[in-house]
Amino acid sequence: MIPVNEPLIGEKEFQYVTECLKSGWISSAGKFIDEFEEKWAAYCGMKYGIAVSSGTAALQIAVECLDLKSGDEVIMPTFTIISCVLSVIYNGGKPVLIDSEPKTWTMDTSQIEKKITERTKAIMPVHIYGHPCNMEPIWELAKKYNLVIIEDSAEAHGAEYRVEIQSDKENHKHYKWEKCGSLGDISCFSFYANKIITTGEGGMVLTNNEEYAEKAKLLRNLCFRKERRFYHTELGHNFRLTNLQAAIGLAQLERINELVEKKRWIGRLYNEKLKDVSGLILPVEELWAKNVYWMYGILLDDKTGMDANEFAIRLREYGVNTRPFFLGMHEQPVFHQMGLFKDESYPVAEKIARQGLYLPSGLTIKEKEIEKITKAIKEIFRKLN
Ligand SMILES: Cc1ncc(COP(=O)(O)O)c(C=O)c1O
């Protein structure tokens, strides 16, 4: 069976972990933590990095930095992981959902403004499966309504967004490329084992704002005060990452360019081999985006008469493992029981949830495995006709 993902662990990871073990600094203090935070922040183009125990913890702390009052609203896509909604609910806020944009599956930014109210405090764009969210309209709205942007970059390590910098006299446009994770006021990463760089479990909050950075550091560590330990003026969490995990992360980070290139190679190879399969909708790369194809997602056209579930079963018969797409947050029974999102409908997210899945995309995958997977897909489609 070809797995959806397998982490790529190299010699450097063993070396750093051994060094960490030998040093005795195995909990949440130590040189690997400091270096990992500093270098990941620098790689993404941000000032401060606060390593935490997961991407979910990163989101929770990021939202907590905003000091939401009960009922304050945060706008986010429905097509995302539950962590985004949890981060707002656990902070007493109200998540407000937006449908997906049909090509990139990220939040449809044209639908945000009509959901902004006096209670809106933040927008949480989520880059999906490696493709950046279109940030320009979000920046405009954040400026117009004075909103904070919390950028969920868990799936977009190394992905980039094209920013227009100036128009010269002849009206030629000039651009620069900015890394995902540097596009908001606070950004959140996951380093779970299926992410482009991993620490097994882990995450990070990035920001240029010193106040947010200080608060995030306190919150991850039970709000111990610097001046006096075991004295608390606020409630915190134990969301600490260990030095051991950071040792793995640092080794991974040292070859991030190679890892991102491998993901893009996987994306190109699938694109090339699947481009003529009628009935399949492939992932895109907008002109303004560098897609890192964290996971290679595909959609089945209605005319195939097959949903993603059935397709996954058939692919398994060929030894190919897949994962279903997210089920929108507005379709989750747990939120309906809480009286949330009950009569809401987001047609694009509903459709892609049923018609989409992602193929094996791990960093260890070989060309001949992609060959085998694409052959299996073509055969399944041939049998449909
Ligand atoms: C978009 C997104 N945000 C947040 C998370 C949460 O990260 P973690 O699993 O590290 O808690 C994930 C995890 O896959 C994710 O895909």
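Nearest heavy atoms, Cys180 versus Ala156: CB-O, 3.7 Å. Of all the heavy atoms in Ser187 and Gly181, the pair that sits closest is OG-O, 2.7 Å. When every heavy atom of Met46 is checked against every heavy atom of Gly184, the shortest pair comes out as CE-O, 3.8 Å. Nearest heavy-atom pair, Pro3 versus Pro360, reported as atom, atom and distance to 0.1 Å: O-CB, 3.1 Å. Cys65 and Ala216 get closest at one heavy-atom pair: SG-N, 4.0 Å. Scanning both residues, Asp301 and Ile281, for their nearest heavy atoms gives CA-CD1, 4.3 Å.
Note on ring orientation: taking the six-membered ring where Trp is involved, the planes of Phe32 and Tyr16 are tilted (angle from 30° to 60°). Ring geometry for Phe224 versus His232: interplanar angle of 30 to 60°, hence tilted.
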Check against ring-ring contact (aromatic ring centres under 6.0 Å, His included), Phe79 and Phe325: CA-CA 9 Å; Phe79 189 76; Phe325 269 18; 5.7 Å; yes

Audit row: Ile373, Tyr270, side chain to side chain contact (heavy atoms under 4.5 Å, CB included) steps and yes/no: CA-CA 9 Å; Ile373 294 160; Tyr270 271 129; 3.3 Å; yes

Trace of the side chain to side chain contact (heavy atoms under 4.5 Å, CB included) decision for Thr104 with Val284: CA-CA 6 Å; Thr104 62; Val284 298; 3.8 Å; yes

Pair Glu201-Gln245, side chain to side chain contact (heavy atoms under 4.5 Å, CB included): steps then yes or no: CA-CA 8 Å; Glu201 296 280 356; Gln245 290 169 302; 4.1 Å; yes

Step-by-step side chain to side chain donor-acceptor pair (under 3.5 Å) determination, Asn209 to Tyr48: CA-CA 8 Å; Asn209 180 317; Tyr48 306 104; over 6 Å; no

Pair Glu155-Lys195, salt bridge (charged side-chain N to carboxylate O under 4.0 Å, His left out): steps then yes or no: CA-CA 7 Å; Glu155 304 183 355; Lys195 297 304 184 294; 5.7 Å; no

Full working for side chain to side chain donor-acceptor pair (under 3.5 Å) between His336 and Glu331: CA-CA 8 Å; His336 296 168; Glu331 297 201 81; over 6 Å; no

Residue pair Phe189, Val205: steps toward the side chain to side chain contact (heavy atoms under 4.5 Å, CB included) verdict: CA-CA 7 Å; Phe189 285 91; Val205 175; over 6 Å; no

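For Leu269, the CG atom counts as densely surrounded, since its 6.0 Å shell holds more than 12 non-hydrogen atoms of other residues, nucleotides or ligands. Summarising the local packing, CD1 of Ile165 is surrounded by more than 12 heavy atoms from other residues, nucleotides or ligands at distances under 6.0 Å. Remark: Lys115 NZ is packed, more than 12 non-hydrogen atoms of other residues, nucleotides or ligands lying under 6.0 Å away.
Put simply, Met76 and Ile138 are part of two different groups of oily side chains (I, L, V, M, F, W, Y) that touch within less than 4.5 Å, one to the next. Ile196 and Ile365 sit in two unconnected hydrophobic clusters of ILVMFWY residues. Membership requires side-chain heavy atoms under 4.5 Å apart, directly or through other members. If you chain together hydrophobic residues whose side chains sit under 4.5 Å apart, Leu222 and Ile61 never meet in one group. Cluster membership check: Leu218 does not share its hydrophobic cluster with Tyr212, using side-chain heavy-atom separations under 4.5 Å among Ile, Leu, Val, Met, Phe, Trp and Tyr. Ile123 and Val74 fall into different hydrophobic clusters, defined by Ile, Leu, Val, Met, Phe, Trp and Tyr side-chain heavy atoms under 4.5 Å apart, directly or through other members.
At least one cation-pi condition fails for Arg220 and Phe239: the charged atom is not both under 6.0 angstrom from the six-membered ring centre and inside a 45 degree cone around its axis.
The shortest distance between side-chain heavy atoms of Ile186 and Leu206 does not fall below 4.5 Å. Between Met306 and Arg314 there is a side-chain heavy-atom pair separated by less than 4.5 Å. Side-chain atoms of Asn194 and Thr198, non-hydrogen and from C-beta on, never get closer than 4.5 Å to each other. Looking at heavy atoms from C-beta onward, Arg316 lies in side-chain contact with Met1 at the 4.5 angstrom threshold. Annotation: side chain of Phe335 is in contact with side chain of Ile89 (closest heavy-atom distance under 4.5 Å). When side chains are defined from C-beta on, Cys133 does not count as touching Ile128, because their heavy atoms never get closer than 4.5 Å. Using a 4.5 Å heavy-atom threshold, the side chains of Asn5 and Thr364 count as separate. In this structure, the side chains of Gln60 and Leu219 stay at 4.5 Å or more apart for every pair of heavy atoms.
The structure places CD1 of Ile75 at 9.5 Å from CD of Glu113, a figure rounded to the nearest 0.5 Å. To the nearest 0.5 angstrom, Arg268 atom CZ is 9.5 Å from Asn271 atom CG. Atom CE in Met124 sits 4.5 Å away from atom CD1 in Ile150 (nearest 0.5 Å). Of the inter-residue distances, the one linking Asn243 atom CG with Ser23 atom OG reads 6.0 Å to the nearest 0.5 angstrom. Atom CG of Leu241 sits about 5.0 Å away from atom OG1 of Thr199, to the nearest 0.5 Å. Expressed to the nearest 0.5 Å, how far CD of Glu13 lies from CD of Glu11 amounts to 9.0 Å.
At a threshold of 4.0 Å, the pair Lys290-Glu178 does not count as salt-bridged, since none of the basic side-chain nitrogens sits closer than that to a carboxylate oxygen. The pair Lys31-Glu35 fails the salt-bridge criterion, with no side-chain N (NZ, NE, NH1 or NH2) lying under 4.0 Å from an Asp/Glu carboxylate O. Using a 4.0 Å cut-off between charged nitrogen and carboxylate oxygen, Asp307 and Arg354 do not count as a salt-bridge pair. A salt bridge is defined here as a Lys NZ or Arg NE, NH1 or NH2 lying under 4.0 Å from an Asp or Glu carboxylate O, and Lys215 with Asp67 meets this definition. Ion pairing of Glu214 with Lys217 is present here, as a side-chain N (NZ or NE/NH1/NH2) and a carboxylate O approach within less than 4.0 Å. Salt bridge absent: Glu285 and Lys103 never bring a charged side-chain N and a carboxylate O closer than 4.0 Å. Comment: Glu73 does not engage Lys121 in a salt bridge, judged by the lack of any side-chain N to carboxylate O separation of less than 4.0 angstrom. A salt bridge links Glu234 to Arg225: at least one charged side-chain nitrogen sits closer than 4.0 Å to a carboxylate oxygen.
Side-chain contact of Ser53 with Arg240: a donor-acceptor pair under 3.5 Å is absent, judged by distance alone. Counting only N and O atoms by type, the side chains of Asn134 and Tyr161 include a donor and acceptor under 3.5 Å apart. Of the N and O atoms on the side chains of Glu64 and His237, at least one donor lies less than 3.5 Å from an acceptor on the other residue. Counting only N and O atoms by type, the side chains of Thr18 and Gln15 include no donor and acceptor under 3.5 Å apart.
When the options Glu344, His330, Gln332 are evaluated for a side chain to side chain donor-acceptor pair (under 3.5 Å) with Thr78, the one that passes is His330. Test Phe311, Tyr129, Trp105 against Tyr358 for ring pair (Phe, Tyr, Trp, His ring centres under 6.0 Å) and you get one pass: Tyr129.
The aromatic ring centres of Phe191 and His157 sit less than 6.0 Å apart.
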